[in-house]
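Here the structure is a predicted model, which is why all the values come from computation and not from measurement. The figures here come from the full heavy-atom set of this structure, side chains too, leaving out hydrogens, waters and symmetry mates. Order of the sequence lines fixes the chain letters, A, B, ..., with proteins taken first and strands second; residue numbering starts at 1 for each chain.
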Amino acid sequence: MSSPLTAGFCELVFNSADAPENVTPTLQVLSVKKINAPGASGQDRYRLILSDGKHFIQAMIATQLNGMVESKEIDKNVLIKLTGYVTNAVQGRKLVIILQLETVPWNGDKIGNPTNIEQQQQQGNQSSTSAAPQQAVPKQEVGGFQARQQSTAGRGGARAGAGAGGRGKAEVGPLYPIEGLSPYQNKWTIKARVTQKSDIKHYSNQRGEGKLFSVTFMDETGEIRATGFNEAVDNFYNLLEEGKVFFVSRARINIAKKQFSNVNNEYEIMFENQTEIEPCDDDTVPQVKYSFKGIDQLGETQKDELCDVIGVVREVGELGSVTSKATNKPFAKRDIQLVDSSGHSVRLTLWGKQAETFSADDQPVIAFKGVKVGDFGGRSLSMFSSATMSVNPDIPEAHQLRGWFDAEGRNTQFQQYTNSMNNASGAGGAGAGGVKPSELKTIGEAKDEGLGMSEKTDYFTTSATIAFVKQETFSYPACANPEGCNKKVVDDGTGWMCEKCDRKWDAPIHRYILSMNVMDHTGSFWITAFNEQAEQIMDVSANELMRLKDEGSDINSYFQKATGKTLAFQMMAKQDSFNDQPRVRYQCRKVNAPDYVSASAHLIALINSMNV
DNA sequence: CCCCCCCC
């Protein structure tokens, strides 16, 4: 009977010093296990036991294939064909790292009676497993990955894989995927694109003075941060250009200090004196991938979150300087205003050299990766040192924005993020300790927890029904300045005077201050909604409603229509005093259609917490 | 071996 499995594969991996080149074995999964060491980004890692029918061997699966495990495509007794993999020697044990695979149709039966290749090897070949395996050059063989790399290398094939013996210099090991790198290997080469390069940073501490820089490398399997100190700065800083592809070898792999970077890898590279870096003109290495958030969506992100944003630079601020409170050091700073086709704008701050050298005054499209969301002025963005920006990138989103801006965006009024009362942008700073804007609270909870009773402002969302809308005072006469002033104006008999704009208008524009009583099953409270939110609730502008009222129409029906609406109110609770008595002012910052799914989840959690 | 990511 012929087995569909690649007999002898385990032995080949274990015994051969030569890479099993162009071997794409078919193996059977004996078990799948989640291991207790999630990846840098918190992703799960899965270990497989793979059988060739005679022996079995341990394997790890690259995180980008996790979905196949979670969907049970990869499961016990499934046959898989490894089309991309590397092997590692880790503390004398062999491990296959699977980078690419295909499943092979099979009836689900277990094939043969495989035994552990490790035990067999330990009995039969002591020397290869016990004698200081890390000091000895670990056996590293690269399977399908290398074959695939070479076949797609094009001109970059100048640097062939291990089999071709390097680049006329010392042997530097086989071409490795970034995902396959680990501290247990010292003989590897990666072919990767620099997606980010830092400035040169100088430091001085107890150990002395020094300088350093870091880059992020990316290939089709992942990304890794690399750092170089002192001499390495001199050797490599100018060579490594953002966006270009390089071969890197003979560097150290350390455990990543993950708290200092958002690069998704458990390890990082340290450039050393013997490190070799060579440019490569292979353009098949992937480019940076973005996951853009619309500028209007920033209200949904948490403060300090990193995100990707693309926008048109509508305004470039002056170069300024600020002194850090923490270090007393001055930093160059420049604010730019970004807009996108959502009609929203946001401020983004550049720091240091980037602030100094920024010179795009032609309203370019810029794609930002990994910028930090701040809550100043509602929402703001800040360039992080690991953030990157790409001016007029050749990606569809950029072309789209360019077309939109040139056709209409140029003349659009943009909705800004602000902390002011009239902003419809949701969020706003849930300051340290403050309730997050997205956090659901019943009215009872908001009161019981004393939201808005302390110094800080609290933000929460409540799903509630409008019980009553005050009709007597629903609006105020506001400055008619089309630039958007919104200040209250007074009629002095000759016109409506705005003190802020120092202008007089024939007629004001009425804006809402809508006072409403809303309730849920736990209670009710009075809330105030300003113009934008109130318009959404009333389905008519305050100005129009005032006109109807002035001409003697019955406007009661509008208020009746609003009454009974159930909405998700994004609320701000702030301490206030009234007749010297402290009280809480509840202001509605945004209204949405009720989100029944999260509201139900919240109620279920409440019920469960009742512990009955 | 750095690791600060700032200010209004």
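Residues L212(A) and N230(A) have side chains not in contact (no heavy-atom distance under 4.5 Å, counting atoms from C-beta outward).
With hydrogens and angles disregarded, a donor-acceptor distance shorter than 3.5 Å links the side chain of S342(A) to the backbone of H344(A).
For F229(A) and dC2(B), the ring-to-base geometry does not satisfy the stacking test (centroid distance below 5.5 Å, interplanar angle below 30°). Put simply, F376(A) rests on the base of dC8(B): the two rings are less than 5.5 Å apart at their centres and nearly parallel, under 30°.
For the pair K211(A) NZ and dC3(B) C1', the interatomic distance rounds to 19 Å; values are reported in whole Å. In this structure, F331(A) atom CZ and dC6(B) atom C1' are separated by 5 Å, rounded to whole Å. For Q196(A) and dC5(B), the CD to P distance is 16 Å, given to the nearest whole Å. Put simply, CE on M270(A) is 7 Å from C1' on dC1(B), counting in whole angstrom units. With rounding to whole Å, D375(A) atom CG is found 12 Å from dC7(B) atom P. Between the NE2 atom of H202(A) and the P atom of dC3(B) there is a distance of 13 Å, rounded to whole Å. F213(A) places its CZ atom 22 Å from the P atom of dC5(B), with the value rounded to the nearest Å. Atom-to-atom, NZ of K329(A) to P of dC7(B) comes out at 14 Å; the value is rounded to the nearest Å.
The phosphate of dC4(B) (OP1 or OP2) has no side-chain N or O of K372(A) nearer than 4.0 angstrom. In this model, the phosphate group of dC2(B) is approached by a side-chain N or O of N205(A) to a distance below 4.0 Å at OP1 or OP2.
Checked by distance alone, R347(A) brings a side-chain donor or acceptor within 3.5 Å of a matching partner on the base of dC8(B). Looking at K201(A), its side chain has no donor and acceptor atom pair within 3.5 Å of the base of dC2(B). At a cut-off of 3.5 angstrom, counting only N and O atoms as typed in the model, there is no donor on one side facing an acceptor on the other between the side-chain of R225(A) and the base of dC2(B).
In plain terms, the two heavy atoms of L401(A) and S341(A) that are nearest each other are CD2-N, 3.8 Å.
A salt bridge is defined here as a Lys NZ or Arg NE, NH1 or NH2 lying under 4.0 Å from an Asp or Glu carboxylate O, and K487(A) with E499(A) fails to meet this definition.
Using a 4.0 Å heavy-atom distance criterion, E268(A) is classed as a base contact. Across all strands shown, S214(A) has no heavy atoms under 4.0 Å from either base or sugar-phosphate atoms.
Both the sub-6.0 Å distance and the 45° axial angle are satisfied by K197(A) relative to the ring of Y237(A).
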